[in-house]
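Both ligands and their constituent atoms are indexed starting at 1 by order of listing. For reference, positions follow the sequence shown, starting with 1.
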Amino acid sequence: MKCTVCRGPALIDLRRHNANFCAEHLAKFCRDQVERAIHDFDMLEQGARILIAVSGGKDSLALWDILNHLGYDTAGLYVGLGIGEYSDVSGRFVQKFASERGLELLEVDLRSEHGYDIPTAAELTRRSPCSSCGLSKRHLFDRAAIDGGYDALVTGHNLDDEAAVLFGNVMRWQMDYLARQRPVLPERDGLPRKVKPLVRLTERETAAYCVVTGIDYQVDECPMAAGNKHIAYKELLNEMEVASPGTKADFYLSFQRRAVHQLDGTLAEGRESLGTCDSCGAPSPSDICAFCRLKSTTARENR
Ligand code: AMP
Ligand code: FES
Ligand code: ZN
Ligand code: ZN
């Protein structure tokens, strides 16, 4: 197998692009795909000051590396979720990445700063760990980005993630979720601009990027996410991708090109109903935001 660019030995084949790449050209391919997503979706101004949420996994660390290569002014944000050994190890990968490159890293620890962790929240609320986890992360990401005055909050959601979420939203025709499922959401009353520059790359590609550029990352998946329905959707989409390479990218990118703007009205309607949380001042559709409610439930039950 030869590299499509230089004809040297290739180490990966990308069937949907009908291409094979050596280490150097795989890294270039990944950077080009991110640059193209940023350009096509008008994600970031050149040299923007951005906060990137990093979990210690392949996607967000690869993205942090790529955005530095592309000349953005970046700082990382790691949220310690308190999921035992998994969180400890994830945090160490993030710290190592940042310190080796002299990059700024902000850290927020749920247990010591907010009095709970994800396993206790899941137990006390009797909801899935991922729902407490998702709402905690969103709240803390938004707050850190606003407090630090960053131009955008960036996350490492990749094509597999976004296609699986889109699949789930289409299966139930959740129009409000579909309306919001965009790779860029502009800044608005107290919420930062949110950007997902990895929407043109799969997790196989970001993992390969880490391997060829020497980035060490947390390989284990979150132990609390087992049984999450998006895992099943990812498997289904992967089967379709094997039968017909390019299906996944087409599903997601065609939705962005042809359909999502039909839902601009639905997006705007959802926007009118935001007030502020009486307790923390964050934008919220109710008097007390979901994060403050979760915090007080865990504080009450923990007593
Ligand atoms: P996930 O929700 O685990 O699929 O992760 C999606 C994205 O959220 C990652 O690519 C990161 O950008 C971000 N993220 C997930 N977990 C954390 C964390 N503990 N701290 C900071 N960012 C995170
Ligand atoms: Fe959130 Fe696992 S990372 S529940
Ligand atoms: Zn090559
Ligand atoms: Zn609040």
- The closest protein heavy-atom partner of atom 17 (C) of ligand 1 is Ser55 CB, 3.5 Å
- Task: Determine, using the 4.5 Å side-chain heavy-atom cutoff (strictly less than), whether Leu263 and Val199 are members of one ILVMFWY cluster.
- Result: yes
- Task: Please report the C-alpha distance between Asn20 and Asp13 in whole Å, then the side-chain angles of each, then the deciding distance to 0.1 Å, and finally whether the side chain to side chain donor-acceptor pair (under 3.5 Å) criterion is met.
- Result: CA-CA 4 Å; Asn20 309 314; Asp13 65 315; over 6 Å; no
- Winner among His157, Lys137, Glu107 once heavy atoms are compared against atom 7 (C) of ligand 1: His157
- Measure Leu81 to ligand 1 on non-hydrogen atoms and call it side chain, backbone, both or neither using the 4.0 Å cut-off. side chain
- Row for the Zn ion (ligand 4): angle SG (Cys280) to SG (Cys289), 10° precision, value 110°
- Item | Cys222 near atom 2 (Fe) of ligand 2: N/O/S under 2.8 Å | yes
- For Gly156, the atoms of ligand 1 under 4.0 Å from one of its heavy atoms are 9 (C), 10 (O), 11 (C), 12 (O)
- atom 1 (Fe) of ligand 2 to nearest N/O/S of Cys133 below 2.8 Å: yes
- Message: For the CE atom of Met43 and the OH atom of Tyr72, what is their distance to the nearest 0.5 Å?
- Response: 10.0 Å
- Task: Search all heavy atoms of Gln256 against all heavy atoms of Gln181 and return the closest pair with its distance.
- Result: NE2-O, 2.8 Å
- Query: Hey, what's the ring geometry for Phe291 with Tyr116, parallel, tilted or perpendicular (30° and 60° as the breaks)?
  - Reply: tilted
- Query: Can you tell me if an N/O/S atom from His139 lies under 2.8 Å from the Zn ion (ligand 4)?
  - Reply: no
- Any side-chain heavy atom of Thr297 within less than 4.5 Å of one from Lys295? no
- Enclosure of Arg172 CZ (heavy-atom neighbours >12, cutoff 6.0 Å): yes
- Query: Would a hydrophobic clustering, with Ile, Leu, Val, Met, Phe, Trp and Tyr connected at side-chain separations under 4.5 Å, put Val54 with Leu70?
  - Reply: yes
- Message: Counting only nitrogen or oxygen atoms and a 3.5 angstrom limit, does Val79 reach ligand 1?
- Response: yes
- Query: Which is it for Asp161 and ligand 1 at heavy atoms under 4.0 Å: side chain, backbone, both or neither?
  - Reply: neither
- Query: With a 4.0 Å cut-off, strictly under, does atom 10 (O) of ligand 1 pick up any protein heavy atom?
  - Reply: yes
- Go through ligand 1 atom by atom and flag the ones less than 4.0 Å from a non-hydrogen atom of Phe141. 13 (C), 14 (N), 21 (C), 22 (N), 23 (C)
- Item | Heavy-atom nearest neighbour in the protein, as seen from atom 12 (O) of ligand 1, with distance rounded to 0.1 Å | Ala53 O, 2.6 Å
- Item | Lys/Arg cation over aromatic Phe97: Arg101, 6.0 Å, 45° cone | yes
